[in-house]
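Notes for the one structure printed next.
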Number of protein chains: 2
Amino acid sequence: MNIKTILLGLLTQKSMSGYELKKLFSISFSYFSGLSFGSIYPALKKMEQQGLINMRLEIQENAPNKKVYSITEQGKDEFQDLLKQPMQSERYRSEFLSRLFFFSHIEKEERVWLVDAYLKSIKDEKHQLDDARPQINKIADPFQRECLLFGLRMKADMVKNVEKTLKAIRKIKK
Amino acid sequence: MNIKTILLGLLTQKSMSGYELKKLFSISFSYFSGLSFGSIYPALKKMEQQGLINMRLEIQENAPNKKVYSITEQGKDEFQDLLKQPMQSERYRSEFLSRLFFFSHIEKEERVWLVDAYLKSIKDEKHQLDDARPQINKIADPFQRECLLFGLRMKADMVKNVEKTLKAIRKIKK
DNA sequence: TCGATCATGTAATTGGTTACATGATTGC
DNA sequence: GCAATCATGTAACCAATTACATGATCGA
């Protein structure tokens, strides 16, 4: 999903500035995507030119002025169209698999060490997601809750599968 | 894993031209990555300039001449270094999850239809991988066989998890 | 004769990231 | 006084894709 769709989606719920979009995004969306100001601000400018969103300058006294964007009717139509496009399952670009593919080129201890460290890091992420669960559930709608559940299941599966691979590569001599 | 590492890895096994690299890549690596000529040829040129690989022009009579690249000692060292870097688990950029996140904005039938079509497409991919299994196993080393097994397990888990999500969204009224 | 395979390459575009630049306010 | 938060933006860079350009050979 590209930045345009995401921003349209978030602006459907509430008018916001680029700064606020980034914040909201970091809370609710962080697990499966990530955006930086360097892409948000140019995207908003472009979308305004295309008539998908409107900008209103909000003068603030104790903080810098902010540009509050709201979605237009045209933007809503565009968002609907984008959501209804068929989903093609993307190639799973996995650093883990790419590395494993070339494991014959490094020493056995090195292999075990690498996979073990990787396993720790994904377990860690799973725990982080577990911890964030109540907070996310508070602001999420039913579908977003399903997102979270899906993410947790996939993380658990990932842990299981990496563990299996670790066992297997321990058995490979040489 | 970036293109440089992949090309170095493949060239460790055998000296090859860009065209041959692409072919080999498509067979053994296609499941978890993908490269086009538009990235392979410039990458090879750059790597040659950096001294990671050498080029030898092979004059052919019944086909266009080809540039056969072979890895240098410096290239081997670089490849070793790259393989030993710790793996950081990347963010899982999932179109499915991004779409699900905004599912409240489309009709129920639309949602079910979309997920159902998606489910079919990943089942299809799983079958394709299953079919390619014997062929891949023939040319793969033990670690590459583990890659395949890992991929198959993850695909199966994916199917299960999408099915669960489908059931859940069927139950959500509105 | 038409499409597939062999073979290399460039240009334009996509879709971002990171670093840089600015500057006020608030809390410790 | 220093770090964090608020707030916007540009420039340089990265890593790739797609489309375009060329052209020979071989098999059905």
Side-chain angles (χ1 to χ4, degrees), chain A residues 1-8 11 15-27 29-30 32-50 52-53 55-69 82 85 88 90-95 98, chain B residues 1-8 10-11 15-27 29-30 32-50 52-53 55-69 82 88 90-95 98:
Chain A
M1 185 172 282
N2 56 19
I3 186 166
K4 188 171 92 175
T5 318
I6 293 167
L7 295 179
L8 286 175
L11 289 175
S15 295
M16 270 175 286
S17 66
Y19 191 85
E20 290 166 324
L21 281 162
K22 171 88 157 61
K23 248 203 330 197
L24 178 58
F25 192 84
S26 300
I27 305 164
F29 230 74
S30 63
F32 50 100
S33 201
L35 286 180
S36 56
F37 287 126
S39 52
I40 291 173
Y41 289 122
L44 287 170
K45 189 181 267 183
K46 199 180 157 193
M47 285 158 71
E48 199 202 349
Q49 282 164 6
Q50 293 172 336
L52 302 173
I53 53 177
M55 191 267 279
R56 175 176 51 82
L57 191 69
E58 195 176 303
I59 282 96
Q60 299 186 118
E61 277 172 9
N62 296 336
N65 297 339
K66 61 178 173 182
K67 297 182 171 178
V68 177
Y69 293 93
L82 289 167
Q85 299 286 318
Q88 66 262 59
E90 291 130 5
R91 209 179 278 105
Y92 173 56
R93 274 172 186 284
S94 156
E95 179 65 27
S98 311
Chain B
M1 186 170 284
N2 57 20
I3 186 167
K4 188 171 92 175
T5 318
I6 293 166
L7 295 179
L8 285 176
L10 296 178
L11 289 174
S15 295
M16 271 175 287
S17 67
Y19 191 84
E20 291 167 322
L21 281 161
K22 171 88 157 61
K23 246 201 332 194
L24 179 59
F25 193 85
S26 301
I27 307 163
F29 231 75
S30 63
F32 50 100
S33 200
L35 286 180
S36 58
F37 287 125
S39 51
I40 291 173
Y41 288 123
L44 287 172
K45 190 182 266 182
K46 199 179 156 195
M47 286 159 70
E48 199 202 349
Q49 282 162 6
Q50 293 172 336
L52 302 172
I53 53 178
M55 191 266 280
R56 175 176 52 82
L57 191 70
E58 195 176 303
I59 283 97
Q60 299 186 116
E61 277 174 7
N62 298 335
N65 297 338
K66 61 179 173 182
K67 296 182 172 179
V68 177
Y69 292 93
L82 290 166
Q88 65 262 59
E90 291 128 4
R91 207 179 280 104
Y92 174 54
R93 275 173 184 284
S94 157
E95 179 66 27
S98 311

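Keep in mind that what you see is a predicted model, and the values were worked out from it rather than measured. A, B, ... follow the sequence lines: proteins, then strands. Residue 1 opens every chain.
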If you measure from NZ on B:Lys67 to NZ on B:Lys45, what distance do you get to the nearest 0.5 Å? 6.5 Å

For the side chain of B:Lys66, starting at C-beta, report the closest nucleotide among C:dC6, D:dA16, C:dT8. C:dT8

Between P on D:dA7 and CZ on A:Phe37, what's the gap in Å once rounded to a whole number? 10 Å

Minimum-distance nucleotide (side-chain atoms of B:Ala63 versus D:dA7, C:dC6, C:dG9): C:dC6

Which distance, rounded to the nearest 0.5 Å, do you find between the CE of A:Met16 and the CD1 of A:Ile53? 11.0 Å

Testing D:dT5, C:dT17, C:dT8 for proximity to the side chain of A:Tyr19, the answer is D:dT5

For B:Glu95 and C:dG15, give me the distance from atom CD to atom C1', rounded to whole Å. 14 Å

For the student: nearest non-hydrogen atoms of B:Ser17 and B:Glu20, plus distance: N-OE1, 2.9 Å

Hey, what do you get for CE (A:Met55) to CG (A:Leu44), rounding to the nearest 0.5 Å? 10.0 Å

Which whole-number value in Å describes the distance from B:Gln60 CD to D:dA24 C1'? 12 Å

Just to be sure I understand the rule, does B:Lys23 reach a base, reach only the sugar-phosphate, or reach nothing, if contact means heavy atoms closer than 4.0 Å? sugar-phosphate

How long is the line joining CG of A:Asn65 and C1' of C:dT25, in whole Å? 14 Å

Interatomic distance, NZ@A:Lys66 vs CZ@A:Arg56, rounded to 0.5 Å, equals 9.0 Å

From D:dC6, D:dC26, D:dT18, pick the nucleotide closest to the side chain of B:Asn62? D:dC26

Residue closer to the 5' end of DNA chain C, B:Pro64 versus A:Pro64 (nearest nucleotide): B:Pro64

Tell me: NZ of B:Lys22 to P of D:dT17, nearest whole Å? 9 Å

What parts of residues 38-50 of chain B reach DNA chain C, counting only heavy atoms under 4.0 Å away? B:Gly38, B:Tyr41, B:Lys45

To the closest 0.5 Å, what do you measure between NZ (A:Lys46) and NZ (A:Lys4)? 7.5 Å

Nearest-0.5 Å distance that lies between atom CE in B:Met47 and atom CG in B:Leu7: 5.0 Å

Looking at B:Asn2, B:Leu10, B:Ile3, B:Leu8, which one forms a side-chain contact (heavy atoms from CB on, under 4.5 Å) with B:Ile6? B:Leu10

Among D:dA7, C:dT8, C:dG9, which nucleotide sits nearest the side chain of B:Ser17? C:dT8

Counting side-chain heavy atoms from C-beta on, which of C:dC6, D:dT8, D:dA16 comes nearest to B:Asn2? D:dA16

Only one of A:Phe37, A:Phe25, A:Tyr69, A:Tyr41 forms a ring-ring contact (aromatic ring centres under 6.0 Å, His included) with A:Tyr19, so which one is it? A:Phe37

Round to a whole Å and report the spacing from CE of A:Met1 to C1' of C:dT14. 17 Å

Check the distance between C:dC6's P and B:Glu20's CD and give it to me in whole angstrom. 9 Å

Quickly work out the B:Glu58 CD to C:dT8 C1' distance and round it to whole Å. 15 Å

Closer than 3.5 angstrom, by distance alone: can the side chain of A:Gln60 be matched with the main-chain N or O of A:Asn65 as a donor-acceptor pair? no

Students should find that the end-to-end axis angle of the helix from C:dT1-D:dA28 to C:dC28-D:dG1, with five pairs defining each axis and rounding to 10 degrees, is 30°

